[in-house]
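Following: one structure in structure tokens, then a few remarks.
Predicted, not measured: the structure shown is a model, and the values here were computed from it. By convention in this document, chain letters (A, B, ...) are assigned in the order of the sequence lines, proteins followed by strands, and residues within each chain are numbered from 1.
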Number of protein chains: 2
Amino acid sequence: MARGRVTIREVAVRAGVSTATASRALSGNHPVPAATRARVVRAARELDYVANAHARALVGGGRKMAAVVVRQVTSPFYAQVAEGVEAEAADRGWLCVVGATGGDPQREMDFVRLMREEGARLVILVGGVVEDDAYRSRVAQYAQALDASGARLVLCGRPAPDPGIPALVVEFDNEAGARAITGYLLSAGHRRIVFLGGLPGNTALDARVAGYRAALAEHGLPPEAAHVVDCGLGRPAGLRAMTELLKGRREFTAVFAGDDMVAAGALRAIAEAALSVPDDISVVGYNDIPLAEDFNPPLTTVRTPAEELGRAAVRIALRDAASAAGRHHLLGTHIVVRRSVGPPRGAL
Amino acid sequence: MARGRVTIREVAVRAGVSTATASRALSGNHPVPAATRARVVRAARELDYVANAHARALVGGGRKMAAVVVRQVTSPFYAQVAEGVEAEAADRGWLCVVGATGGDPQREMDFVRLMREEGARLVILVGGVVEDDAYRSRVAQYAQALDASGARLVLCGRPAPDPGIPALVVEFDNEAGARAITGYLLSAGHRRIVFLGGLPGNTALDARVAGYRAALAEHGLPPEAAHVVDCGLGRPAGLRAMTELLKGRREFTAVFAGDDMVAAGALRAIAEAALSVPDDISVVGYNDIPLAEDFNPPLTTVRTPAEELGRAAVRIALRDAASAAGRHHLLGTHIVVRRSVGPPRGAL
DNA sequence: ATGAAAGCGCTAACAA
DNA sequence: TTGTTAGCGCTTTCAT
């Protein structure tokens with residue numbers, strides 16, 4: 001057998017027809033007599049022929065391919081979003097590619113460029129970012145370039161640099177979610193709540209902090225009641241920051257972690273200090289990752305339907321006309337109550 | 001601006017050169033005077049040109065693309081393997097695509113076919129399977145087809161149907177890992193250990209069960225001492241099976257969960273029965289997923305360096321000559337001790 | 001109903 | 001150094 005891929009020419013020869021007929025028989029969108037088709041199909045199967053996607057794309061305008069770009073696949077939240085995109089894309093017969101950037105803007109740019117080269121028709125960028133000028137111009141460029149070649153860009157959980165830009169944005173209402181769970185802590189009696197995991201400039205986190213402050217204000221607390229620790233996200237950050245916090249005099253009765261991974265770190269730090277959750281300190285998280293229920297104790301958190309976010313991103317992108325660019329879609333969230341919150345120490 | 005992608009011809013026109021010169025200037029592997037190159041590069045940038053990967057692949061033999069196929073990205077273990085593949089591929093300038101099958105052989109076949117069409121040069125299939133005739137012929141077909149077009153197939157954690165087949169296999173030594181952790185339980189004094197999460201026919205699980213039985217035998221226990229519950233994997237399965245087990249009289253003092261997700265379910269079931277780990281029952285898992293440390297209590301488990309498995313898969317595939325097909329690589333594992341194991345109740 | 005031929009965008013021989 | 005040309009594998013007119 002010849003090394004290299006079997007081409008349609010070989011199939012045609014074996015079936016005793018021209019390549020044009022072979023192509024028609026295989027694609028099935030042209031009338032071809034059943035007998036001829038059968039011969040061609042059989043030849044193709046015998047040779048184990050698969051069409052060259054590149055050649056086909058070159059002439060036919062390309063395969064339906066979507067790309068999701070996340071920081072890392074091992075983050076439970078991102079993985080769920082990617083799975084949602086994957087599932088929705090698969091349902092529609094699209095191929096889905098996922099790329100990880102490790103948070104490096106350069107790798108993000110490279111990946112987007114790659115997707116442009118490959119002819120992806122849908123690019124989905126996931127996750128909050130620090131919204132600086134570099135970000136704005138980068139995204140404006142993606143949007144413009146993708147749009148020029150007829151592809152769609154959707155921003156998941158990150159802002160469009162400019163409403164006029166040809167990109168869709170779909171995200172959770174971070175401020176509302178944060179307000180709700182802060183309210184929950186407040187109604188459990190807590191008044192000194194620290195927010196752990198701020199990341200100044202990051203749009204998602206800033207919104208959560210804003211919701212936290214808003215809830216405090218609504219309950220009549222002065223602005224100084226807010227205590228935000230800007231340690232960033234991730235379990236190690238949460239562990240470190242909480243350990244630090246526990247060294248001083250405890251000025252708080254509850255902690256609101258920026259996401260569930262930070263909460264995991266905080267929980268661990270508290271346990272290492274031989275303190276109890278929720279008896280000594282109450283803790284809440286954000287995202288409700290699949291294993292939040294298995295933390296010690298099971299974590300009260302804000303459920304952000306991540307898979308639905310991914311599905312919505314492709315659904316919206318494929319439904320909306322290009323003219324709907326700039327549309328902003330907000331998805332709702334809700335609190336899931338477990339066992340990490342109790343009344344403040346001595347409140348009873 | 002013209003709708004659709006800008007081609008090299010437009011760049012050439014704008015730079016006042018032929019397409020060949022433009023191509024040479026852009027690719028950089030042919031001597032082109034600096035001045036000419038500068039003009040071309042500038043024209044390309046002004047037009048925001050990106051090469052059509054399909055056209056390039058058609059003539060140049062294709063981009064370096066690797067594909068990883070997993071059951072689901074939301075499984076922490078698979079996500080880590082995928083991240084390893086991704087990282088190693090990126091290090092070498094390869095594009096990496098990840099596909100999820102949901103465990104459906106049909107989707108697996110579709111995805112492999114797609115990858116053949118796209119010209120992937122490396123396909124990595126991850127995860128244990130039930131090794132039946134359908135599986136064997138499916139994989140034999142993948143291997144043969146991929147090999148015919150010069151692509152590599154690597155099987156991660158699943159067996160090659162036949163040593164002669166053109167595929168590499170790299171996996172963990174499941175039997176050794178299971179034997180070690182069972183031995184750990186045994187030396188803590190446990191004699192009645194149930195294995196939770198068998199999946200008869202699944203190669204990975206069967207190997208773990210074999211290791212478990214081997215350890216029991218080594219400690220002089222009779223074959224009847226083994227108690228395997230074939231509930232399959234996943235947190236819900238572990239929860240359900242453990243709940244069931246707890247209803248009867250407790251004939252065991254420890255449980256060896258088939259993987260950490262099963263352990264998570266089992267832990268939850270035990271907590272719901274108001275029993276304590278490790279005071280009443282000891283529990284161990286398998287894989288050491290990132291959050292195993294955050295379980296209640298922190299889980300003693302077998303560390304399988306998942307990311308390293310992914311990296312090794314691409315490293316080996318790219319290094320070994322095609323003639324090395326059929327080679328079998330075994331990666332080692334080790335126990336990580338945390339707090340879910342204690343002496344058996346009443347052993348003191 | 002089928003074949004011949006053009007052409008998708010690009011790179012690599014071959015000329016000049 | 002640069003341009004001309006052929007051709008990658010496929011689909012799709014346009015003839016027949």
Side-chain angles (χ1 to χ4, degrees), chain A residues 2-41 43-44 47-64 113-114 116-119 121 148-150, chain B residues 2-41 43-44 47-64 113-114 116-119 121 148-150:
Chain A
R3 201 65 187 176
R5 296 172 58 155
V6 175
T7 71
I8 199 171
R9 171 182 249 102
E10 298 169 53
V11 174
V13 168
R14 178 178 259 254
V17 297
S18 70
T19 58
T21 302
S23 170
R24 288 191 272 250
L26 259 11
S27 71
N29 19 339
H30 279 261
V32 173
T36 311
R37 147 167 300 132
R39 284 216 317 287
V40 174
V41 169
L47 261 20
D48 199 15
Y49 167 78
V50 290
N52 182 321
H54 300 299
R56 181 178 278 167
L58 196 51
V59 55
R63 173 181 304 286
K64 292 167 176 171
R113 183 188 176 91
L114 202 55
R116 282 217 284 149
E117 292 181 3
E118 296 287 339
R121 305 234 278 264
S149 56
Chain B
R3 201 63 187 177
R5 296 172 60 155
V6 5
T7 70
I8 200 170
R9 171 180 250 103
E10 299 169 52
V11 174
V13 168
R14 177 177 259 254
V17 296
S18 71
T19 58
T21 301
S23 171
R24 289 192 272 249
L26 260 10
S27 71
N29 21 341
H30 279 260
V32 174
T36 311
R37 148 167 300 134
R39 286 217 314 288
V40 174
V41 168
L47 261 20
D48 200 15
Y49 166 79
V50 290
N52 182 321
H54 299 300
R56 182 177 276 170
L58 198 51
V59 55
R63 174 182 301 290
K64 291 167 179 174
R113 184 190 176 90
L114 202 56
R116 282 217 284 150
E117 292 182 4
E118 296 286 341
R121 304 234 277 265
S149 56

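- Between the P atom of D/dC10 and the CG atom of B/N52 lies a distance of 16 Å, rounded to the nearest Å.
- Nucleic acid contact class of A/A51 (heavy atoms, under 4.0 Å, all strands): sugar-phosphate only.
- Within residues 16-24 of chain B, the residues having any heavy atom closer than 4.0 Å to DNA chain D are, in order of number, B/V17, B/S18, B/A20, B/T21, B/R24.
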### Test log, rule side-chain contact (heavy atoms from CB on, under 4.5 Å), inputs A/V13 and A/E10
CA-CA 5 Å; A/V13 168; A/E10 298 169 53; 5.7 Å; no

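- With hydrogens and angles ignored, the 3.5 Å screen pairs no side-chain donor or acceptor of B/H54 with any backbone N or O of A/A53.
- Counting all heavy atoms, side chain and backbone alike, A/V11 lies closest to A/A44 at CG1-N, 3.8 Å.
- For the pair B/T21 (side chain) and B/V17 (backbone), a donor-acceptor distance under 3.5 Å is absent.
- Contacts between chain B and DNA chain C, taken as any atom within less than 4.0 angstrom of a protein heavy atom, begin and end at C/dG9 to C/dA13.
- For B/L26 and D/dT2, the CG to P distance is 14 Å, given to the nearest whole Å.
- As a whole-Å value, the separation of A/H30 NE2 from D/dT11 C1' is 8 Å.
- In terms of modelled atom types and a separation under 3.5 Å, the side chain of B/R5 and the main chain of A/S149 share no donor-acceptor contact.
- At least one donor-acceptor pair under 3.5 Å links the side chain of B/R39 to the backbone N or O of B/A15.
- Minimum interatomic distance between A/A55 and B/L58 (heavy atoms only, all atoms of both residues): CB-CD1, 3.6 Å.
- The distance between atom CZ of A/R9 and atom P of D/dC8, rounded to the nearest whole Å, is 7 Å.
- Residue-level contact check: A/S27 touches neither bases nor backbone, having no heavy atom under 4.0 Å from any strand.
- In this structure, B/L26 CG and B/I8 CD1 are separated by 5.5 Å, a value rounded to the nearest 0.5 Å.
- The CZ-P distance, from B/R37 to D/dT1, rounds to 11 Å in whole Å.
- Two residues, B/T36 and B/L58, neighbour DNA chain D, and the one matched to the more 5' nucleotide by heavy-atom proximity is B/T36.
- If you take CD1 of A/I8 and P of D/dT12, they are 11 Å apart, rounded to a whole angstrom.
- Using a 4.0 Å cut-off between charged nitrogen and carboxylate oxygen, A/D48 and B/R113 do not count as a salt-bridge pair.
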